[in-house]
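Worksheet for the structure shown next.
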Amino acid sequence: IVIETALLNMYGKCGNLEKGRAIFDRMLNRNMYSWNAMLTAYAQHGYGEEVFELFELMKQQCIRPDRITFATILTACAALATLTTGRIIHATVIESGVCLDNVVGSAVVNMYSKCGSLEDAFRIFYTHEMNLAAWNAMIIAFSDNGYQKEALHLFRWMDLKGMDADEVTFVGILSVCANLADSVEGIWIHRRIVDRGMEFNYSVGNALVNMYSKCGNLEDAHYIFDKLHERN
RNA sequence: GAAUCAUGCC
């Protein structure tokens, strides 16, 4: 079963969904890894229909979705940007008793944001104990929906709480500064990045270059660009 | 202990 799932995953990741599905169908026994791998294969290649068909099949066979199943399906909803389906899945999550303090929390926040309901995203975020990924998802949610200032406020709040930002946080918040062309905030965040020793992280470095460029500070953009390439 | 997995940029 481990070998079969690994194979199925390999074909799925490579985009050979027919072959992956053939292996899945031929398996005599399947566990959560197998179901989730098949769902992920469809989800990561934009086959929303198939994701939901397979999810239905799970229900028919009385297989209880786990948090990874839900995270995968919510990501599919986000990609399809269909709010009604998203709400139904969210209801299913609540029904199943899976908590939102793990991978599912950020997936729910992200789903609501991508489906255009910033209100729901924030309501869920605000009423649950959320991990760093969910904070990141919420910052990006504000930014994507046109609330750059609110995204900055959330970042400041994180900072005050003493939460450690990661690569995703910094890339996201730097894009907010770039959108606003706000170099004062950008410089402050740059300092935070240096504090964390993440200035040579490739993604963060690129985001810094982009931020300084959008703020019209080509000198610093160029300086960081050079430093990045010396280092990498 | 690397068979499945969420949040960002390209």
Side-chain angles (χ1 to χ4, degrees), chain A residues 1-14 20 23-24 27 29-44 51 54-55 58 63-79 86 89-90 93 98-114 121-122 124-125 128 130-145 148 151 154-155 158 163-179 189 193 198 201-214 224-225 228 232:
Chain A
I1 189 164
V2 173
I3 306 272
E4 283 173 313
T5 304
L7 262 176
L8 144 59
N9 182 45
M10 185 271 288
Y11 281 117
K13 290 266 173 17
C14 294
I23 291 169
F24 179 81
M27 292 175 75
N29 296 299
R30 305 182 187 97
N31 59 16
M32 290 314 293
Y33 285 80
S34 338
W35 284 94
N36 291 335
M38 195 65 241
L39 282 168
T40 301
Y42 285 133
Q44 289 185 348
V51 170
L54 202 61
F55 187 53
M58 283 181 81
I63 292 157
R64 297 181 75 84
D66 63 8
R67 57 204 191 97
I68 292 174
T69 314
F70 283 124
T72 304
I73 295 184
L74 286 162
T75 305
C77 294
I89 301 298
H90 181 200
V93 172
V98 168
C99 301
L100 297 188
D101 60 355
N102 50 47
V103 289
V104 180
S106 51
V108 171
V109 170
N110 181 50
M111 179 278 290
Y112 277 124
S113 168
K114 296 289 197 294
F122 188 68
I124 299 304
F125 173 80
H128 294 76
M130 289 287 179
N131 64 10
L132 177 60
W135 280 76
N136 292 343
M138 196 63 234
I139 288 172
I140 304 305
F142 278 129
S143 173
D144 281 348
N145 288 277
Q148 314 300 329
L154 202 56
F155 179 78
M158 263 184 81
M163 280 179 79
D164 274 336
D166 70 358
E167 182 184 344
V168 176
T169 323
F170 286 129
V171 172
I173 203 66
L174 283 170
S175 112
V176 169
C177 297
N179 291 338
I189 287 155
I193 290 168
M198 290 181 67
N201 173 296
Y202 209 76
S203 301
V204 173
N206 284 330
L208 277 169
V209 171
N210 180 55
M211 183 276 291
Y212 279 118
S213 303
K214 291 277 166 39
I224 292 162
F225 180 85
L228 255 184
N232 293 288

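Chain naming here is simple, since letters A, B, ... match the order of the sequence lines and numbering starts at 1 in each. None of these values were measured; they are calculated from a predicted model.
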Set of ring-ring contact (aromatic ring centres under 6.0 Å, His included) partners for A:Phe122, sequence neighbours left out: A:Tyr126, A:Phe142
Results of ring-ring contact (aromatic ring centres under 6.0 Å, His included) for A:Tyr112 - residues two or more places apart only: A:His90
Test side-chain contact (heavy atoms from CB on, under 4.5 Å) applied to A:Leu54 - qualifying residues, sequence neighbours left out: A:Arg21, A:Phe24, A:Trp35, A:Met38, A:Leu39, A:Tyr42, A:Leu57
Partner set under side-chain contact (heavy atoms from CB on, under 4.5 Å) for A:Val98, not counting sequence neighbours: A:Arg67, A:Phe70, A:Val93, A:Ser96, A:Val104
Sugar-phosphate, base or nothing in reach of A:Asn210, heavy atoms under 4.0 Å: nothing
Throw together a table of side-chain donor-acceptor distances under 3.5 angstrom for residues 1-8 of chain A, partners on residues two or more places apart or in other chains.
| residue | atom | partner | partner atom | Å |
| --- | --- | --- | --- | --- |
| A:Thr5 | OG1 | A:Ile1 | O | 2.7 |
| A:Thr5 | OG1 | A:Ser34 | OG | 3.3 |

Per-nucleotide protein contact string for nucleotides 4-10 of chain B (B base, S sugar-phosphate only, - none; heavy atom under 4.0 Å): BBBBBS-
